[in-house]
Amino acid sequence: DLHRVDRRQRQDVYKRQTEEFEKAICEYTGAEDCSSMSSGSDSIIAALKALNIGPNDQVLTVGHTFLSTTESILNVGAEPIFIDIDEFYLLDISQFKKTDRLKAILFVDLYGQTPDIDKIKSFAKEFNLKVIEDAAQSFGSDYKGKKVGSLVDLTCFSFNPLKNLGAMGDAGAVTGKKEYIDKVKQIRNHGRGKSNKIIEGYNLSLIHI
Ligand SMILES: *Cc1c(COP(=O)(O)O)cnc(C)c1O
């Protein structure tokens, strides 16, 4: 019974289980690193912040999604720029428009499918944009033989009980390059990291490492 053991021991158990979970996600998706999170919505907020997206920045996205996608952009103080969806109800990158303060593309996977990620990445490269994937509904999907989670700068999962991989309550994860995930882990822990330098953060995780 975890509540009978002392606080320190309890924290060690949570930490070990969380790290095992993060490792399993990396193994399954092929991602370099993973940060477990308190929800899918929080994952998107932390991903945007980790990529330094904030006030005065614009993020290209779609309106056909759950509320969190746009909400997260607004929550970091950035401005969503909407483009239309295609016949599969996914971001239609052929309608790409470069706006003056555009910093990132945040696309959404729906109905088990991703949009054309290679085309999205080629626009991103040309215009020096970051790419974030809202994969709240697509854990286990793949694109050209590669699992969602390892394809773009940062991928955001939701493990809300109603999603395709459901936890017992709200939960989520961000995957991507170690350099970015280190920053996500700092943001989920009130901005505290391994050094003494504290950045602006939140409380988005059960364990504080
Ligand atoms: C559910 C969902 C989210 C948010 O996930 P939560 O874990 O509920 O915060 C974000 N984007 C999409 C597309 C979703 O379906």
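Start at 1 and go down the list; that is how both ligands and their atoms are numbered. Owing to the predicted nature of the structure, the values given are computational and were not obtained by experimental measurement.
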Which segment of L110 sits under 4.0 Å of ligand 1 when only heavy atoms are counted: neither
Pairwise side-chain contact, Q9 with V13, heavy-atom cut-off 4.5 Å (strictly under): no
Interfacing atoms of ligand 1 (cut-off 4.0 Å, heavy-atom, V108): 13 (C)
Side chain T175, main chain G149, donor-acceptor under 3.5 Å: yes
Nitrogen or oxygen of G40 less than 3.5 angstrom from that of ligand 1: yes
Donor on one side chain, acceptor on other, D116 and Y143, under 3.5 Å: yes
Heavy atom of the protein closest to atom 1 (C) of ligand 1 (residue, atom name, distance): K163 NZ, 1.3 Å
Full working for salt bridge (Lys or Arg N to Asp or Glu O under 4.0 Å) between E22 and R188: CA-CA 14 Å; E22 288 169 345; R188 77 175 180 182; 3.0 Å; yes
S158-N160 side chain donor-acceptor pair, cut-off 3.5 Å: no
Modelled atom types, side-chain donor and acceptor of N52 and K183, under 3.5 Å: yes
Atom 4 (C) of ligand 1: nearest protein contact (heavy atom, Å): S68 OG, 3.2 Å
For S158, the ligand 1 atoms whose distance to one of its heavy atoms is below 4.0 Å: 5 (O), 6 (P), 7 (O)
Residue, atom name and distance, where the atom is the protein heavy atom closest to atom 11 (N) of ligand 1: D134 OD2, 2.7 Å
Nearest-neighbour protein heavy atom for atom 9 (O) of ligand 1, which is reported as residue plus atom name and distance: S41 OG, 2.5 Å
Protein heavy-atom partner closest to atom 12 (C) of ligand 1 - residue, atom, separation in Å: A136 CB, 3.4 Å
Atom indices of ligand 1 within 4.0 angstrom of T65 heavy atoms, with elements: 13 (C)
Close side-chain approach of E133 to D109, heavy-atom, < 4.5 Å: yes
Side chain proximity check, I132 to F107, heavy atoms < 4.5 angstrom: no
Polar atom proximity, D42 to ligand 1 (N or O, under 3.5 Å): no
